[in-house]
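A note on names: the letters A, B, ... follow the listed sequences, proteins ahead of strands, and every chain is numbered from 1. Small disclaimer: the values here were computed from a predicted structure and weren't measured. Only this structure's heavy atoms are used, side chains among them; waters, hydrogens and symmetry mates stay out.
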Amino acid sequence: MNIHEYQAKQLLAKHGAAVPGGEPCKTAEEARQTAAKLLAAGHAKVVVKSQIHAGGRGKGTFKSGFQGGVKLCQTADEAYALAEQMLGKILVTKQTGPDGRKVSTLLVEPGAKIKKEYYLAVLLDRAKSLPLIMASTEGGMDIEEVAAKHPRKILKMHVDPLVGIYPYQARNLAVKLGLKGDLIAQAAKLIMGIYRTWWECDASMVEINPLCIVEMPDGKDAIVCVDGKIGLDDNALYRHADIQAMRDLAEESPLETEASKFNLNYIKLDGNIACMVNGAGLAMATMDIIQHYGGMPANFLDVGGGASKEQVMAAFKIILSDPNVKAILVNIFGGIMDCNTIAQGIVAAVRETGLKLPLVVRLEGNNVELGRQTLAESGLTIISGTTMADAAQKVVAATK
Amino acid sequence: MSILIKPDTKIIVQGITGGFGGRHAQLSLDYGTQVAAGVTPGKGGQLFAGKVPIFDTVAAASKATGAKVSVVFVPPAFAADAILEAVDAKLDLVVCITEGIPIRDMIRVKAVMNGKKTRLIGPNCPGVVCPGPGKDSSGGCRIGIAPGYIHRQGNIGVVSRSGTLTYEAVWQLTCRGVGQSTCVGIGGDPVNGTSHLDILKLFNEDPETHGIIMIGEIGGSAEEEAAEWVKKNCKKPVAGFIAGATAPPGRRMGHAGAIISGGKGTAAAKIAAFKDAGIGVAATPSEMADTLLKMM
C-alpha cells in the first residue's frame with residue numbers, strides 16, 4: 001500500500017524525523033488559513049503541494065491547462081488562489097499516465113529556503129535479508145540515474161535488525177555526507193527517525209528525496225525531510241490500524257480493489273487476451289507464453305490455490321469489464337483440487353455472464369479427464385488446450 | 001538418493017489441527033509420508049486422524065518421536081514464532097508453507113537463525129517432495145501442499161520460487177517418463193530461508209541427481225547469483241525458466257518478492273545471466289522438461 005506525502009510526513013514526525021510542519025487542506029479556505037498561520041510564524045513563503053500517489057508533481061500539468069502541481073507563494077490570498085486551481089482538478093504527470101489523478105488534498109507547508117539537497121532511503125537488501133540505508137549528496141535527482149552515472153556517490157549502510165540503528169552509525173553517515181558542526185547531531189537524529197519509521201511502520205520503503213539543509217526564519221540552518229514517500233508491507237497492515245486508515249481508495253484501480261474482495265490478485269495490462277490462472281508464477285508464465293506466440297496479455301490474474309466457483313465467477317466479471325479484451329485463456333493446474341469441480345465452475349460462470357468472447361481452457365491435474373468432458377458436453381463453445389503452448393497458440397489465433 | 005529429506009523422513013506438522021494444516025497432513029499420510037507428530041499448543045495428548053500424536057510444543061514432539069523435520073501451517077501473524085520454536089528445538093529442517101508473513105518478521109527470523117543449525121525452506125512455498133517408489137510415487141516424503149501423484153522417483157532435481165510452475169515442470173518430466181530426486185519450492189517472498197543457490201549446491205553434491213531444473217521469476221537477484229555459481233562450479237546440466245518477461249515494472253505480481261524495482265530484477269537480466277552460465281533457457285514454460293532432456 002502507498003500513502004500520500006502528508007501522511008508519510010505525519011509518520012516520520014511521529015518517529016522523530018524533522019519535517020517542515022505543514023497541514024493537509026481539503027478546501028481553498030483551509031489552505032488560506034494554514035498559509036496565514038505559517039506566514040505569521042515568520043516563514044517568508046509557503047508551498048502548496050498537490051497530494052497524489054505519483055511522482056513528477058512539480059512539473060505536472062492540470063487538465064485545465066494550469067501548470068505545476070507544486071507552487072510557492074508569499075501571501076494567504078495567493079495560497080487560496082492556487083488551491084482553487086488545484087483542488088478537484090486532474091493532474092497529469094510523467095508517472096500518472098494520460099488519465100492523470102484527481103487532487104483532493106493539498107499539503108500547505110513552509111516554503112523553506114533550501115541550501116543543499118540530499119537523498120536518503122531505507123529499504124530491504126534482499127540479497128542479505130537486512131535493512132539497508134542508502135544516502136547520497138545528489139539529492140533531488142532520480143536516484144537510479146545517480147546510481148548509473150555516479151555509483152560512488154551512493155553510500156550504503158546495513159542495520160542489525162535485532163538491535164536497531166546505533167547513534168554512531170547515523171553520525172558516521174552524516175559525516176560521510178559532508179555535514180559539519182551542529183548539523184551532524186541533527187542529521188543523526190533525523191536518520192535514526194527515518195530508520196525507526198521504516199521499522200516501526202512495517203514499511204517496504206521510506207524515501208526522502210530531497211532531504212535538505214534549509215535556512216530557518218531565525219537564520220539558523222536545519223535539516224528536514226522536504227519530501228517523503230513511504231510504501232508499506234501489505235502483509236503487516238493488520239497490526240497498524242492507524243496506517244490502514246490512511247488508505248485512499250481513489251488512488252487505486254477500482255477493478256483491482258474489486259478483485260481483492262474475492263481474494264483474487266488482478267493487475268490490468270494493455271493487451272487484449274485476458275487470462276485467469278492459479279498461482280502467481282504460473283500466471284506470469286501464462287502472460288509470457290501469450291506474448292511468445294504473438295499476443296498481448298490484458299491482465300495478470302491469480303485465483304490462488306482454490307479456484308472455487310464463486311472466485312471463477314468473480315474473475316470472469318472482472319476480466320469482462322475491461323473493454324479491450326477480445327479472448328480469454330483459462331490455465332489451471334489443479335494439483336490437489338478436482339479439475340471437474342473447476343470445470344463445473346467455469347461452465348456456470350460462462351452461462352451466468354453470457355460470455356460471447358472466445359474462451360480457451362487448459363486444465364491439468366487431478367480428475368482432468370472428467371473435467372475436460374464436462375467442458376466438452378456443456379454445449380458451450382469452449383476451446384480446449386492440451387498444453388500451455390497449445391492453449392496459448394489457440395487463444396492468440398482466436399484474436400487474429 | 002535425494003537432498004534435504006529421504007522418502008522415509010519423519011515429519012512434524014505445526015498447526016496440524018487447523019483446516020489447511022489438517023487437510024495437507026492427511027494428504028501426506030495418504031501419500032505414505034511418515035507424519036510422526038503434530039503440534040498445536042493446548043491440544044497435546046490428542047490424536048490426529050486417530051493415529052498421529054499431538055504435542056503442545058515442537059521440542060516435546062521431536063523428543064518423543066525422534067523427528068527432526070517440521071512443516072509450518074500456522075497463520076501469518078504467528079508463523080515467525082512457529083519457525084523460531086522449531087529452530088530452538090534444534091530441528092534439522094523447517095519448511096514454512098504460510099503465505100503473507102510480514103517482511104519485518106522474516107528479517108528478524110533470519111537474523112536470529114544466523115549461525116544456528118536449522119535450515120529454513122520458504123515461507124510462502126509449496127514445500128519439498130522426495131518421490132517414493134510406489135504407484136504415482138507414493139511412499140515418498142511429501143512436506144507441504146504439492147500434489148504427490150504428479151511425481152515419479154528418479155534423478156532430476158527441481159527448484160523453484162513458484163508452486164504451480166513447479167508442478168508444471170514436474171508433470172512435464174513425469175509425462176516423459178523421467179523421475180525426480182527432490183523437488184523444492186523455495187517460496188515467493190523477498191526474505192526466504194534457502195535460496196536457489198543453496199539448493200543447487202546440494203543437488204550438485206547429490207550422486208542421485210543427474211540434472212537440474214531451476215525456475216525463477218522477476219525480482220531480486222537470487223537467480224543471477226545462482227547462475228554465476230553454476231558457471232564456475234556446477235558439474236550437472238541445468239535448464240531454467242524465468243517467469244515475468246511481460247510483467248510491468250513497479251507492480252507486485254502476486255508473490256511479495258516478484259517485483260521489478262528501480263530497473264532491477266527484470267526477466268531479461270536473469271535470462272541473460274542464465275545463458276551466460278550455460279544454463280539451457282526454456283523459451284516457453286511448456287518446454288522446461290524438454291530443454292533439460294536435450295542437454296542430457
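- Side chains of B:T246 and A:F300 form no contact here, defined as non-hydrogen atoms less than 4.5 Å apart.
- In this structure, the portions of A:D202 lying under 4.5 Å from any heavy atom of chain B include both its backbone and its side chain.
- Contacts between B:A267 and chain A at a heavy-atom distance below 4.5 Å are absent for every atom of the residue.
- Between B:T284 and A:M388, the closest side-chain pair of non-hydrogen atoms is not below 4.5 Å.
- For a residue to count as touching a neighbouring chain, one of its non-hydrogen atoms must lie under 4.5 Å from one of that chain's; by this rule A:N235 touches chain B with backbone and side chain alike.
- Chain A forms more heavy-atom pairs under 4.5 Å with one residue of B:K264, B:M253, B:R104 than with any other, namely B:R104.
- Between A:G281 and B:E217 the shortest heavy-atom distance is CA-OE1, 4.0 Å.
- Residue contact with chain A, scored on non-hydrogen atoms closer than 4.5 Å, involves the backbone and the side chain of B:A245 alike.
- By the neighbour-count criterion of 12 heavy atoms within 6.0 Å, atom OH of A:Y293 is densely surrounded, having more than that number from other residues, nucleotides or ligands.
- Looking at B:Y167, its side chain never comes within 3.5 Å of a backbone N or O of A:G334 through a donor-acceptor pair.
- Residue B:R252 touches chain A through both its backbone and its side chain, counting heavy-atom pairs closer than 4.5 Å.
- Looking at A:F333 and B:I150, their side chains come closer than 4.5 Å, going by heavy atoms from C-beta outward.
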Between B:D105 and A:R239, is the salt bridge (charged side-chain N to carboxylate O under 4.0 Å, His left out) condition met? List the steps.
CA-CA 12 Å; B:D105 293 8; A:R239 56 190 177 200; 2.7 Å; yes

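- Both the backbone and the side chain of B:E168 come within less than 4.5 Å of a heavy atom in chain A.
- Counting only heavy atoms from C-beta outward, the side chains of A:I289 and B:P285 approach each other to under 4.5 Å.
- In this structure, the side chains of A:L124 and B:P190 come closer than 4.5 Å at one or more pairs of heavy atoms.
- Looking at A:A389, the atoms closer than 4.5 Å to chain B (heavy atoms on both sides) sit in the backbone and in the side chain alike.
- For the residue pair B:T164 / A:N278, no side-chain donor-acceptor distance below 3.5 Å is found, with atom types taken as modelled.
- Of the two parts of B:E99, neither the backbone nor the side chain holds a non-hydrogen atom closer than 4.5 Å to a non-hydrogen atom of chain A.
- Only the side chain of A:E256 comes within contact range of chain B, judged by heavy atoms closer than 4.5 Å.
- Panel note: side chain A:D288, backbone B:G244; a donor-acceptor pair is recorded below 3.5 Å.
- In this structure, chain B has no heavy atom under 4.5 Å from any part of A:D270.
- Interface remark: of the candidates B:S286, B:S162, B:A256, B:S286 forms the most heavy-atom pairs closer than 4.5 Å to chain A.
- Looking only at distances, a side-chain donor or acceptor of A:D233 sits under 3.5 Å from a matching main-chain atom of B:I103.
- Contacts between A:S204 and chain B at a heavy-atom distance below 4.5 Å involve the side chain alone, from C-beta outward.
- The closest side-chain heavy-atom distance from B:R108 to A:P161 is not below 4.5 Å.
- In A:Y238, the OH atom is crowded: over 12 heavy atoms of neighbouring residues, nucleotides or ligands sit closer than 6.0 Å.
- Residue contact with chain A, scored on non-hydrogen atoms closer than 4.5 Å, involves the side chain of B:L27 exclusively.
- Within the 4.5 angstrom heavy-atom criterion, atoms from both the backbone and the side chain of A:W199 approach chain B.
- To the nearest 0.5 Å, atom OG1 of residue B:T166 and atom CG of residue A:L282 are 10.0 Å apart.
- Of the listed residues (A:N366, A:T286, A:L269), the one with the most heavy-atom contacts under 4.5 Å to chain B is A:N366.
- Note on B:A258, B:A146, B:G219, B:G216: by heavy-atom pairs under 4.5 Å with chain A, the leading option is B:G219.
- Here A:L130 contributes atom CG and B:K110 contributes atom NZ; the two are 9.0 Å apart, rounded to the nearest 0.5 Å.
- When the candidates A:M205, A:M296, A:E364 are compared by the number of heavy-atom contacts under 4.5 Å with chain B, A:E364 comes out ahead.
- Between the side chain of A:R126 and the backbone N or O of B:G257, at least one donor-acceptor pair lies under 3.5 Å.
- The two residues B:L165 and A:A285 come nearest to each other via the heavy atoms CD1-CB, 3.8 Å.
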